[in-house]
Amino acid sequence: MKFGIVGAGVIAEYHLEAIRRTARAEIAGVYDKFPEAAKAFGEKHSIPIFDSIESLVKSGGAEVVTIGTPSGWHLEPATQAMEAGAHVLCEKPLEVTLDRIDRMIEVGKKMNKKIGGILQVRTFPGCQRAKKILEEGRLGKLLLADAFIKYYRTQEYYESAGWRGTFELDGGGAAMNQGIHWIDLIQWLADGAESVCAHAATVGHQIEVEDVCLGMVQWKNGARGVIEATTCAQPGFATRIEFHGEKGSLLLEDSQIKKFVIDGEDQPIEEATTGAGGHADPKKFSVEGHVIHVQDMIEAIEQDRDPLIPGHEARKSVELIVSMYESSKKEGWVRLDD
Ligand SMILES: NC(=O)c1ccc[n+]([C@@H]2O[C@H](COP(=O)([O-])OP(=O)(O)OC[C@H]3O[C@@H](n4cnc5c(N)ncnc54)[C@H](O)[C@@H]3O)[C@@H](O)[C@H]2O)c1
């Protein structure tokens, strides 16, 4: 199955690597709004360059288009790709507002095309195992579910592309860009958030968006918890996700289970080989999850089923994050359904 790449920046390297590592995927070519970016990427990797998304799909034969453009500019290329006849595999966040996400999902429905959201942390073995443990109710009634997301990004990182750290194209900061992987993970593991009370601030960078986002969450399953997301924590720490139930506790560190205790007794932990990475260096993280997303998209199309994380599922983490921002602005609790 042929995949086309839209957006020839940092994440495009991962998209190409994932396509090349997937036995039944083939690269159709690349398109970027800026022709020099597409040319540099195409020549570096010896792949065809296209001057529109339509030609990438219609002449290049791309059946799936991967979207790796700035976050607040996912809707337009995704729409063009679906209207040209391709399915879409889109980077996180799916878009930066719920309205833009809903418009993308509508186009998918109208054109009968699949939208897969890339949130690769969910695919890692430790996170999959954590989901199973929680689904089986092994911790008993959940009391607490917390996420500590302490990344480090330099001022130079934010200045490395004009869209970074802007509300319009990044949609937010520590929560919307970096924290989203883990905010998505914890909301998936805790079966969604009901309401949130948060404070967002910019304390260590010269940027429009927040570099600290602190929230208290009432999870739908009855548990309470906190989310702390920052890009100010030098040199960048492994993310911690912690669950405490009436029967025991489960601790994940950078997508690996580090502690699993039931009735005071340590349970066996399988050491996972794949970790998420990215907390210290935005260009150093595992490609394994992207490979799973590419493989899954091929199977979803062949079997005519939803991809691993369909549009409505990728929407959930954005809903929680924009609710945190709204809560910070109004200085009070926000219910997600509102
Ligand atoms: N899944 C992950 O772990 C992960 C990691 C990094 C980035 N991402 C996501 O990938 C997307 C791209 O991030 P990146 O770091 O590759 O960005 P980047 O700036 O390195 O690359 C973006 C590319 O899009 C092009 N572009 C298209 N339209 C543009 C516009 N209107 N304005 C500016 N540039 C435009 C740029 O020329 C550039 O080549 C973002 O949504 C980001 O959140 C995901």
Side-chain angles (χ1 to χ4, degrees), residues 4-18 30-42 44-45 49-53 56 65-81 88-97 100-101 104 116-124 127 149 151 153 156-166 168-185 209 231 239 254-255 274-294 308-309 314 317-318 321:
I5 292 176
V6 172
V10 171
I11 202 63
E13 299 285 343
Y14 286 76
H15 291 181
L16 181 61
E17 175 75 13
V30 62
Y31 164 78
D32 195 287
K33 185 178 175 183
F34 299 96
E36 62 282 13
K39 187 167 179 280
F41 189 85
K44 177 179 170 195
H45 295 291
I49 302 155
F50 291 86
D51 60 7
S52 70
I53 293 176
L56 175 63
V65 162
T66 69
I67 308 286
T69 49
S71 305
W73 206 67
H74 287 171
L75 170 63
E76 289 77 5
T79 300
Q80 286 170 33
V88 160
L89 194 52
C90 183
E91 270 304 334
K92 55 63 121 167
L94 198 58
E95 250 293 349
V96 298
T97 67
R100 289 175 66 80
I101 289 180
M104 192 193 292
I118 300 180
L119 285 156
Q120 74 270 18
V121 168
R122 278 198 202 187
T123 70
F124 294 141
C127 301
I149 312 161
Y151 277 55
R153 291 291 180 267
E156 291 73 46
Y157 158 78
Y158 285 108
E159 286 162 12
S160 68
W163 67 275
R164 296 194 201 284
T166 65
E168 190 193 347
L169 291 174
D170 221 342
M176 185 67 93
N177 188 316
Q178 290 77 20
I180 190 166
H181 289 294
W182 306 99
I183 293 172
D184 175 69
L185 180 69
V209 296
T231 53
T239 300
D254 192 23
S255 76
T274 314
H279 31 78
D281 184 338
K283 294 184 183 169
K284 277 199 189 138
F285 54 92
S286 164
V287 74
E288 308 296 335
H290 281 80
V291 175
I292 292 173
H293 275 300
V294 167
L308 202 57
I309 307 183
S317 45
V318 177
I321 293 165

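We count ligands from 1, going down the list as the structure has it; atoms in each ligand are counted the same way. Note: hydrogens, waters and symmetry copies are ignored here, and every other heavy atom, side chains too, is used.
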For [atom], which protein heavy atom lies nearest, and how many Å away is it?
atom: atom 31 (N) of ligand 1; value: K33 NZ, 3.4 Å
atom: atom 26 (N) of ligand 1; value: P70 CD, 3.6 Å
atom: atom 44 (C) of ligand 1; value: E91 OE1, 3.0 Å
atom: atom 3 (O) of ligand 1; value: Q120 NE2, 2.8 Å
atom: atom 22 (C) of ligand 1; value: G68 O, 3.6 Å
atom: atom 18 (P) of ligand 1; value: R164 NH2, 3.7 Å

Pull out every atom of ligand 1 sitting under 4.0 Å from any heavy atom of [X], numbered as shown with elements.
X: H74; result: 41 (O)
X: A8; result: 23 (C), 39 (O)
X: H290; result: 1 (N)
X: A161; result: 19 (O)

Check whether any side-chain heavy atom of [X] lies under 4.5 Å from a side-chain heavy atom of [Y], and answer yes or no.
X: T66; Y: V6; value: no
X: E17; Y: V287; value: yes
X: I149; Y: Q178; value: no

Just distances here: any N/O of W73 and N/O of ligand 1 closer than 3.5 Å?
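In fact, backbone or side chain, W73 has no N or O that close.
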Distance-only N or O hit between ligand 1 and N177, under 3.5 Å
no
Taking the side chain from H290 and the backbone from I118, do they hold a donor-acceptor pair closer than 3.5 Å?
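Between the backbone of I118 and the side chain of H290 there is no qualifying donor-acceptor contact (under 3.5 Å).
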Is there a donor-acceptor pair under 3.5 Å between the side chain of K92 and the backbone N or O of M176?
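No: the side chain of K92 does not pair with the backbone of M176.
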Would you call E76 and R100 a salt bridge, using N to O less than 4.0 angstrom?
yes
Is the shortest distance from a Lys or Arg side-chain nitrogen in E156 or R164 to a carboxylate oxygen in the other one below 4.0 Å?
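No, E156 and R164 are not salt-bridged.
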Answer side chain, backbone, both or neither: which part of [X] comes under 4.0 Å from ligand 1, heavy atoms only.
X: K92; value: both
X: W163; value: side chain
X: V10; value: both

Taking only residues two or more places apart in sequence, or in another chain, which ones meet Y158 in a ring pair (Phe, Tyr, Trp, His ring centres under 6.0 Å)?
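Per chain and number, Y158 pairs via ring pair (Phe, Tyr, Trp, His ring centres under 6.0 Å) with H205.
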Applying salt bridge (charged side-chain N to carboxylate O under 4.0 Å, His left out), which residue pairs with at least one partner in residues 176-185 are found, sequence neighbours left out?
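Checked against salt bridge (charged side-chain N to carboxylate O under 4.0 Å, His left out) - neighbours excluded - the pairs reaching residues 176-185 are R122-D184.
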Candidates V6, D32, I11, T69; heavy atom nearest atom 40 (C) of ligand 1 found on T69
Could you name the option among G9, S71, G7 that has the heavy atom nearest to atom 21 (O) of ligand 1?
G9
Would you name the heavy atoms of V294 and A18 that are closest together and state the gap between them?
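So the two residues come closest at CG2-CB, 3.9 Å.
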Report the distance from atom CG of L169 to atom CH2 of W73, rounding to the nearest 0.5 Å.
10.0 Å
